[in-house]
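The structure appears below as structure tokens.
Just so we're on the same page: letters track the sequence lines, and every chain starts at 1. Computation of the quantities below employed the complete heavy-atom set of this structure, encompassing side-chain atoms and omitting hydrogens, waters and symmetry-equivalent molecules.
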2 protein chains.
Amino acid sequence: MDASQLELKNQICFPFYSVSRLITKAYKPFLSKLNLTYPQYLVLMVLWESDGISVNQIKEKLLLDTNTLSPLLKRIEGMGLIKRLRSTADERSVIVSLTEEGAKLKIQALPIPEKMLENLSAEGIEIDEIAGLRSMLNTWMKILSKNNNQNESK
Amino acid sequence: MDASQLELKNQICFPFYSVSRLITKAYKPFLSKLNLTYPQYLVLMVLWESDGISVNQIKEKLLLDTNTLSPLLKRIEGMGLIKRLRSTADERSVIVSLTEEGAKLKIQALPIPEKMLENLSAEGIEIDEIAGLRSMLNTWMKILSKNNNQNESK
DNA sequence: CACGTTTATATCGTAAACGACATAATAACA
DNA sequence: TGTTATTATGTCGTTTACGATATAAACGTG
């Protein structure tokens, strides 16, 4: 049992946790111009890509549970960017769709990803490295979320 | 301006955000046996490595601000694992040190990192890959946290 | 059709995160 | 020395996360 494994620099979760928070913080100047938080921006990205989907479909795309999504969606609705309507086909489902204002916000959001990449590369992070890392993380995401679902169905 | 950059699968922040949450969730079964949350575990790891340091030193190691750390430390103190004492040398500082109970908890925490690695590799994630990723993320952490400090001092 | 089960969503409580701001102690320097 | 600036910590309010639990609709099966 190697005690050095408990040192912070040898942890795998800690750098994930920190880098995730730091990148979210790096998004903040761009997102605060649109009066959005990062999770709100994620929801809108999902809807800009596929409008009129159910809460459950958003849950699956973002890997967030409904106890997180429900209040999050309510706030975005309160800002007038989305509407929530019970599905008539299945009254358990709630369909989330963009308002005109919410759809228009996409235009202002368009330059954000590019600007973020510019910022990261200005900090000395290679663009190639980012692309490689992204695909690796997407693989990890699939593996870990599968495990997550298995636990849920226990 | 490429609209596909706004798609979730092309984002760099989203996989970080998700993988970070999923790994934290994977820690949960181990940590809940010790009645700890992940951030509480991080604080204890810092103290197990260097006991009797100031809140400010913990802040620098974990990249968490004092408005997050103060209540976090209070909770850990409430659990009887640490003590907080004003430094006599500099009365602005608060020195955090482990209680006997807090120090003993390290023994129970020792097997956690190894078990986590076993779990990840059982999921199909290569150990080599983890080591490489860790060093890459540690580099990113330094770059992004430097930028973070620069913003603070503006 | 009745009734237990699953599904979709939501509420509640607690613990992070973090911006904005407050407070007290120390440092810096005119 | 007096006064301004900086440093270390903390409080407050808001938004996420998420476990536990609730509720209503739909499904499955005898």
Determine whether a donor-acceptor pair (N or O, by modelled atom type, separation under 3.5 Å) exists between the side chain of A:S18 and the backbone of A:F14.
yes

From CG of B:L31 across to C1' of C:dA15 the rounded distance in Å is 14 Å

Are B:W140 and B:F16 close enough that their ring centres sit under 6.0 Å apart?
yes

Does the side-chain contact (heavy atoms from CB on, under 4.5 Å) test come out yes or no for B:I53 and B:V96, once each step is laid out?
CA-CA 6 Å; B:I53 62 177; B:V96 182; 5.6 Å; no

Between C1' on C:dA8 and CZ on A:R84, what's the gap in Å once rounded to a whole number?
13 Å

Taking A:E91 first and then A:R86, would you say they form a salt bridge - that is, a charged N and a carboxylate O separated by under 4.0 Å?
no

Measure all distances between protein nitrogen or oxygen atoms and nitrogen or oxygen atoms of nucleotides 17-19 of chain D, and list the pairs falling under 3.5 Å.
{"unit_1": "D:dA17", "atom_1": "OP2", "unit_2": "B:Y17", "atom_2": "OH", "d": "2.5"}
{"unit_1": "D:dC18", "atom_1": "OP2", "unit_2": "B:R21", "atom_2": "NE", "d": "3.2"}
{"unit_1": "D:dC18", "atom_1": "OP2", "unit_2": "B:R21", "atom_2": "NH2", "d": "3.3"}
{"unit_1": "D:dG19", "atom_1": "N7", "unit_2": "A:N67", "atom_2": "ND2", "d": "2.6"}
{"unit_1": "D:dG19", "atom_1": "O6", "unit_2": "A:N67", "atom_2": "ND2", "d": "3.0"}

If you count every heavy atom of other residues, nucleotides or ligands that lies below 6.0 Å from B:E129 atom CD, does the total exceed 12?
yes

Between P of C:dA16 and CD of B:Q40, the distance in whole Å
4 Å

More 5' along DNA chain C: A:S54 or B:T37, using each one's nearest nucleotide?
A:S54

Which heavy atom of A:A109 sits nearest to which heavy atom of A:P113, and what is that distance?
O-CD, 3.6 Å

Parallel, tilted or perpendicular: which fits the ring planes of B:Y38 and A:Y17, with parallel below 30° and perpendicular above 60°?
perpendicular

B:L63 vs B:L144, test: side-chain contact (heavy atoms from CB on, under 4.5 Å). Steps then yes/no.
CA-CA 11 Å; B:L63 308 177; B:L144 290 168; over 6 Å; no

What is the distance, rounded to the nearest whole Å, between atom CG of A:N56 and atom P of C:dA10?
11 Å

Return yes if some donor-acceptor pair links the side-chain N/O of B:D65 with the main-chain N/O of B:N67 below 3.5 Å, else return no.
no

Quick one: is C:dA8 close enough that its OP1 or OP2 comes under 4.0 Å of any side-chain N or O from A:Q57?
no

Under 4.0 Å between a side-chain N/O of B:S70 and OP1 or OP2 of D:dG10, yes or no?
yes

Nearest-Å distance, CG (A:L73) to P (C:dA10)?
7 Å

Find the distance B:I53:CD1 to D:dT9:P and express it as a whole number of Å.
10 Å

Between the protein and nucleotides 22-27 of chain D, list every N/O to N/O distance that falls short of 3.5 Å.
{"unit_1": "D:dA26", "atom_1": "OP1", "unit_2": "A:E91", "atom_2": "N", "d": "3.1"}

Does B:K61, at its NZ atom, have more than 12 non-hydrogen atoms belonging to other residues, nucleotides or ligands within less than 6.0 Å?
no

Contact residues, residues 75-82 of chain A to DNA chain C [heavy atom, < 4.0 Å]
none

Distance check: side-chain N/O of A:K74 vs OP1/OP2 of C:dT11, anything under 4.0 Å?
yes

Spacing between A:Y27 atom OH and D:dT15 atom C1', to the nearest angstrom:
19 Å

Starting at CZ of A:R84, measure out to OG of A:S70 and round the result to the nearest 0.5 Å.
6.5 Å

Would you kindly give the CG-to-P distance between B:N35 and C:dA15, to the nearest whole Å?
11 Å

Closest heavy-atom pair and its distance - A:I23, B:C13:
CG2-SG, 3.5 Å

